[in-house]
Novice: 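First, the structure itself, so that you have it in front of you.
Residues take their numbers from the sequence shown, with the count starting at 1.
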Amino acid sequence: MALKAVHVSDVPNLDQVPENPSFSLYSTRLSKGVELGRSAYRIPKFLVIGHRGHGMNVLQSSDRRMRAFKENSISSFNAASCFPIDFIEFDVQVTRDDCPVIFHDDVILSEENGTVFEKRVTDLTLSEFLGYGPQREPNKQGKPLLRKIKNGNIVNWDVEKDDTLCTLKEVFQQVSPSLGFNIELKFDDHIVYDQDYLFRVLQAILQVVFEYANDRPIIFSSFQPDAALLVKKLQSTYPVFFLTNGGTEIYYDVRRNSLEDAVKLCLEGGLEGIVSEVKGVFRNPGAVTKIKEAKLSLLTYGKLNNVPEAVYMQNLMGIDGVIVDLVKEISEAVSNMIKPLKADEGESLSEGVEAKPQFSPRELAFLWKLIPELIEL
């Protein structure tokens, strides 16, 4: 299928709030030091963001923390809010009848009469989507929810704290308003989307966001380059970050294949930042300086963000925050690592600006030696 270009200059702006909103939009945990506008969205502190809420599910992991809460569920989001984190990250898709729902995988796997089948989330209606897994109504049985794991096996989606599937509207209504939302606009890597489809999907998502966000901090992000560009054109209220593997995987769309390509896309489309696989940053640390010189923010994701030493190193490198699965452990480590300097320590710091962590030469040597090991994981 030929790629149909998204001519964002031809798309009307759909903002339903003033173009230069009050700083009250960021009146919660990110209230101090945030600047809006291309020059730039400045993140005032090192952020900790809960991946799919309390953490993604790894169903055959021996680590119970990876199966504690159903990922991308209201239970998981509210569990994450109990810790000193700033945002939760979750995946939004839009059903066939134009309802934004929360689900990571492109397809839902289930079983009927001994036969396993899969259905694409975007091909389901809302009622069909909500019919999988635990149900809201007492004594109602939902269809089994299965998942394919990395080795190709299909297993029951068993977690300690299960929950119903949910919509974007419900998440806004039922999750603490003090918690920011990193809304990943989820699309299938193997499908080429045309402008009309992207427009319809993003319009449905933005309608919910503008109706229910109120003062909640929001960041949009997407691996789909055209979706990232288009959502920036459709609204100017919330920052948009481009998601990238940072060169750790290669895609047909060359815009996805390096941090340098990500910077180029952001500058051309007026995006505010990049979210990279952390290995891509460790393998190309010089890109951090280029990203900062371009006045872009930089967040990372990946398994290494569950390693406190790897998070420490990123803070030293000037990275703005991490998306993590081990919310409790990493948020506590970051709280201990970065503490505001006191006024009597010799520097006059503006309110809300935090100090870099202090390490001994021995500790720094350890961290630098750790990088090659981290890259190979």
Side-chain angles (χ1 to χ4, degrees), residues 29-30 43 45-58 61 63-69 71-72 76-77 79-91 104 150 179-184 219 221-223 241-249 259 262 273-285 287-288 291 296-338 354 356-357 359 366-377:
R29 300 180 187 182
L30 285 185
I43 295 177
K45 58 171 288 190
F46 189 79
L47 301 182
V48 178
I49 302 171
H51 186 210
R52 306 181 199 174
H54 191 268
M56 68 178 290
N57 294 152
V58 182
S61 173
D63 190 337
R64 291 180 60 186
R65 295 173 297 183
M66 308 306 288
R67 295 176 282 108
F69 294 89
E71 68 177 37
N72 276 330
S76 182
F77 300 152
S81 72
C82 296
F83 301 100
I85 66 172
D86 306 285
F87 281 75
I88 52 172
E89 180 271 351
F90 53 80
D91 308 276
H104 172 269
K150 281 193 172 181
L179 201 57
F181 286 174
N182 174 190
I183 299 175
E184 180 180 341
I219 294 173
S221 63
S222 186
F223 283 104
F241 283 45
F242 180 53
L243 271 160
T244 176
N245 295 96
T248 60
E249 296 180 45
L259 286 170
I274 294 169
V275 186
S276 174
E277 218 292 346
V278 61
K279 289 183 185 178
V281 175
F282 281 145
R283 291 173 181 174
N284 185 12
V288 177
I291 291 168
L296 297 170
S297 297
L298 176 61
L299 307 172
T300 67
Y301 71 93
K303 292 181 180 178
L304 289 178
N305 283 351
N306 296 319
V307 179
E309 291 80 3
V311 174
Y312 296 166
M313 181 58 70
Q314 291 178 70
N315 180 262
L316 290 173
M317 294 170 69
I319 290 166
D320 295 300
V322 289
I323 299 173
V324 306
D325 294 299
L326 303 184
V327 169
K328 177 179 184 294
E329 291 76 7
I330 299 302
S331 63
E332 290 177 351
V334 169
S335 295
N336 292 330
M337 174 183 70
I338 310 171
E354 305 204 353
K356 291 291 184 184
F359 292 103
F366 164 73
L367 290 172
W368 285 114
K369 288 179 181 178
L370 186 64
I371 286 183
E373 301 297 327
L374 294 175
I375 291 174
E376 293 303 320
L377 288 179

Novice: Mind listing the closest non-hydrogen atom pair of G273 and L296 along with its distance?
Specialist: N-CD2, 4.1 Å
Novice: Hey, are the side chains of L304 and F282 touching, using non-hydrogen atoms and a 4.5 Å cut-off?
Specialist: yes
Novice: Can you tell if the side chain of R52 reaches within under 4.5 Å of the side chain of S76, non-hydrogen atoms only?
Specialist: no
Novice: Going through the distances and angles, do M56 and H104 end up as a side-chain contact (heavy atoms from CB on, under 4.5 Å)?
Specialist: CA-CA 10 Å; M56 68 178 290; H104 172 269; over 6 Å; no
Novice: Hey, are Y301 and N245 close enough side-chain-wise for a donor-acceptor pair under 3.5 Å?
Specialist: yes
Novice: With side chains defined as the heavy atoms from C-beta onward, is the minimum distance between L326 and M66 less than 4.5 Å?
Specialist: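 In contact.
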Novice: Heavy atoms only: give me the nearest R283-T248 pair and the separation to one decimal.
Specialist: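 Looks like NH1-CG2, 3.6 Å.
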Novice: Say you draw a straight line from OG of S276 to CZ of F242; how long is it, rounded to the nearest 0.5 Å?
Specialist: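 Taking OG in S276 and CZ in F242, the distance rounds to 10.5 Å.
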Novice: Answer yes or no: is there a donor N or O on one side and an acceptor on the other, between the side chain of N284 and the main chain of G280, under 3.5 Å?
Specialist: no
Novice: Supply the atom-to-atom distance D91 CG to N72 CG, rounded to the nearest 0.5 angstrom.
Specialist: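 Rounded to the nearest 0.5 Å, the CG-CG separation comes out at 5.0 Å.
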Novice: Checking E184 now: which residues fulfil salt bridge (charged side-chain N to carboxylate O under 4.0 Å, His left out) with it, not counting sequence neighbours?
Specialist: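 Salt bridge (charged side-chain N to carboxylate O under 4.0 Å, His left out) check on E184 returns nothing, list empty.
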Novice: Could you go through the side-chain contact (heavy atoms from CB on, under 4.5 Å) check for L259 and V281 one step at a time?
Specialist: CA-CA 8 Å; L259 286 170; V281 175; 4.3 Å; yes
Novice: F83 and S331: which non-hydrogen atoms are nearest, and at how many Å?
Specialist: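 Scanning both residues, the minimum pair turns out to be CB-OG, 3.7 Å.
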Novice: Identify the heavy atoms of F223 and T244 that sit nearest to each other, and give their distance.
Specialist: CE2-N, 3.8 Å
Novice: So K328 and R65, do their side chains get closer than 4.5 Å, heavy atoms only?
Specialist: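 Heavy-atom side-chain distance check fails, nothing below 4.5 Å.
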Novice: Looking only at heavy atoms, which two atoms of V327 and G53 are closest? And how far apart?
Specialist: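 Distance-wise, the nearest heavy atoms are CG2-O, 3.7 Å.
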Novice: What pairs with F181 under ring-ring contact (aromatic ring centres under 6.0 Å, His included), at least two apart in sequence or on another chain?
Specialist: F90, F172
Novice: Hey, does the side chain of N57 reach the backbone of F69 with a donor-acceptor pair shorter than 3.5 angstrom?
Specialist: yes
Novice: To the nearest 0.5 Å, what is the distance between OG (S297) and CD1 (I319)?
Specialist: 12.0 Å
Novice: With distance as the sole test, does D320 use its side chain to make a donor-acceptor pair with the main-chain N or O of L299 at under 3.5 Å?
Specialist: no
Novice: Nearest 0.5 Å please: distance from the CG atom of N305 over to the NE2 atom of H51.
Specialist: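 Nearest 0.5 Å value for the CG-NE2 distance: 10.0 Å.
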Novice: Write down the atom of F77, the atom of L179, and the distance for their closest heavy-atom approach.
Specialist: O-CD2, 4.0 Å
Novice: Would you say that F87 contacts I323 through its side chain, given a criterion of any heavy-atom pair below 4.5 Å between the two side chains?
Specialist: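 No, side chains not in contact.
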Novice: Report the distance from atom CD1 of I274 to atom CD1 of I291, rounding to the nearest 0.5 Å.
Specialist: 4.0 Å
Novice: State the CD-CG distance between E89 and D325, to the nearest 0.5 angstrom.
Specialist: 9.5 Å
